[in-house]
Amino acid sequence: MAETTSVPPPASDLSKMAHSEVHYFNSYNHHGIHEEMLKDEVRTKSYRDAIYQNKHLFKDKVVLDVGCGTSILSMFAVKAGAKHVIGVDMSTIIEKAREVVAVNGMSDKITLLQGKMEEVTLPFPEVDIIISEWMGYFLLYESMMDTVLWARDKYLKKGGLIFPDKATIFMAGIEDGEYKDEKIGFWDNVYGFDYSPLKATALSEPLVDTVEMKAVVTDPVAVVTFDLNTVRVEDLAFHSPFELVARRDDFVHALISWFDIEFAACHKPIRFSTGPHTKYTHWKQTVFYIKDVLTVEQGEKVVGWLTSKPNEKNRRDLDIKIEYTFETEDPTRKTTGECTYTMC
Ligand code: SAH
């Protein structure tokens, strides 16, 4: 008789989930999204380096891979000497992960559980290390960090490690007149008609796109840093000040944001950035067009506040607000504005 491997049913029931949650997990079912992430070498090699260069931390440890996808991070951990790895994912990609783990001869070292991290039962009461790739656009879009923090509080041993454990959001001002005209100015006159209601909508949607370094007009600034060892879910709704200093005389059409990630628990910390000054990542940058065009001179400052919180109806979406004041001695150029955005 042919041997059958029994695959346990998923621990979480999709039919009982909110529509937005079903949509979220279904988006990870297809291999295409995983292909994009695996091919993002800045991302995947940073995780690989952080794990392989710290075999002394992984040796004989129990590791939890939160949102394991195709199980790449789980397999890195096994190669680094982990005693056992538990990979959890709600999406059906985990079925493929099981096959991948099997063909790589690691089935005895990796337990894969299909279900929501918050609902599955782990075979170990606690773990030594959590690994997870949870970052979304603008770092926090998708709110997956909530899940990692939940897993930390429930399963991570006292003194346990989180890979990665530090994330910082940066901002800068950019010159982007041509594209802003194409995307926003377009609605001023559509075949002779005033389409300004759509202009407001266009302005309220942050654009995920690659920004060339030469478009960056101000110095970059770090706006908020999260330490995953200590941060609480409520801290992910933040209101932080920023101060952008113009590097040259130019126009500012938009503010952009990106994030840096650090594996500070490593023997020698490993970092990567998703900024415009460095190699492409699939997170690109996030562009926030502002209502005004600021005519800045070198050394002048744009100061303000960046506010972000999960949307009340769908907590995976973000409500973002940028308040800005362009500080200049010249009263004809001084500008104050406030823009709100929804990332969905
Ligand atoms: N670790 C993989 C995949 C990262 S993408 C890699 O690095 O390539 C994030 C994965 O987390 C997705 O597959 C998604 O389905 C899963 N995920 C997100 N939130 C989850 C939750 N609450 N419970 C289980 N899986 C989750």
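Every number for a ligand or one of its atoms is a count from 1 in the order of the listing.
With salt bridges taken as basic N to acidic carboxylate O contacts below 4.0 Å, none links D260 and R271. The pair E175-K214 fails the salt-bridge criterion, with no side-chain N (NZ, NE, NH1 or NH2) lying under 4.0 Å from an Asp/Glu carboxylate O. Between K334 and E327 there is no salt bridge, since no side-chain nitrogen of the basic residue lies less than 4.0 Å from a carboxylate oxygen of the acidic one. Salt bridge annotation for E126-K154: absent, with no cationic side-chain nitrogen under 4.0 angstrom from a carboxylate oxygen. Salt bridge annotation for E95-R98: absent, with no cationic side-chain nitrogen under 4.0 angstrom from a carboxylate oxygen.
Contacts between W134 and ligand 1 below 4.0 angstrom, taking non-hydrogen atoms only, are absent altogether. With a 4.0 Å heavy-atom cut-off, ligand 1 is reached by the backbone of E133 and by its side chain too.
Considering both main-chain and side-chain atoms, M117 comes within under 3.5 Å of ligand 1 through a nitrogen or oxygen pair. Among the atoms of I93, none of the N or O lies under 3.5 angstrom from an N or O of ligand 1. Of the polar atoms of R316, none of the N or O atoms is found under 3.5 Å from an N or O of ligand 1, judged by distance alone. Between R43 and ligand 1, at least one N/O pair is under 3.5 Å apart.
Atom numbering of ligand 1 starts at 1 in the shown order; those under 4.0 Å from a heavy atom of K116 are 23 (N), 24 (C). In summary, the atoms of ligand 1 found under 4.0 Å from a heavy atom of E118, numbered by their order in the structure, are 22 (N). Within ligand 1, counting atoms from 1 as listed, the ones closer than 4.0 Å to a heavy atom of I72 are 6 (C), 7 (O), 8 (O). The ligand atoms of ligand 1 that sit less than 4.0 angstrom from a heavy atom of G115 are 23 (N), 24 (C). Every atom of ligand 1 is numbered from 1 in the order shown, and the set under 4.0 Å from a heavy atom of H34 is 13 (O).
With C68, S91, S143 as candidates, the residue nearest to atom 2 (C) of ligand 1 on a non-hydrogen basis is C68.
The side-chain tip of R316 points at the ring of F25 from less than 6.0 angstrom away and within 45° of straight on. Taking the ring axis of Y47 as reference, the NZ or CZ atom of K45 does not stay both within 45° of it and closer than 6.0 Å to the ring centre.
Residue contacts with ligand 1 do not include S132, since none of its heavy atoms lies under 4.0 Å from the ligand. Assignment of Y24 to the shell around ligand 1 is supported, since a heavy atom sits closer than 4.0 Å.
The aromatic rings of F138 and F288 lie perpendicular to each other, with more than 60° between the two planes, well past the 30° mark.
Nearest protein heavy-atom neighbour of atom 15 (O) of ligand 1: D89 OD1, 2.6 Å. Ranking the protein heavy atoms by distance from atom 1 (N) of ligand 1 puts G67 O, 2.8 Å first. Considering only non-hydrogen protein atoms, atom 26 (C) of ligand 1 sits nearest to F25 CE2, 3.6 Å. The nearest heavy-atom contact from the protein to atom 25 (N) of ligand 1 is M90 N, 3.2 Å.
Taking all atoms of both residues into account, the shortest heavy-atom contact from H277 to W258 is CE1-NE1, 3.9 Å. Looking at every heavy atom in both residues, K199 comes nearest to D188 through NZ-OD1, 2.9 Å.
Summarising the local packing, OH of Y280 is surrounded by more than 12 heavy atoms from other residues, nucleotides or ligands at distances under 6.0 Å.
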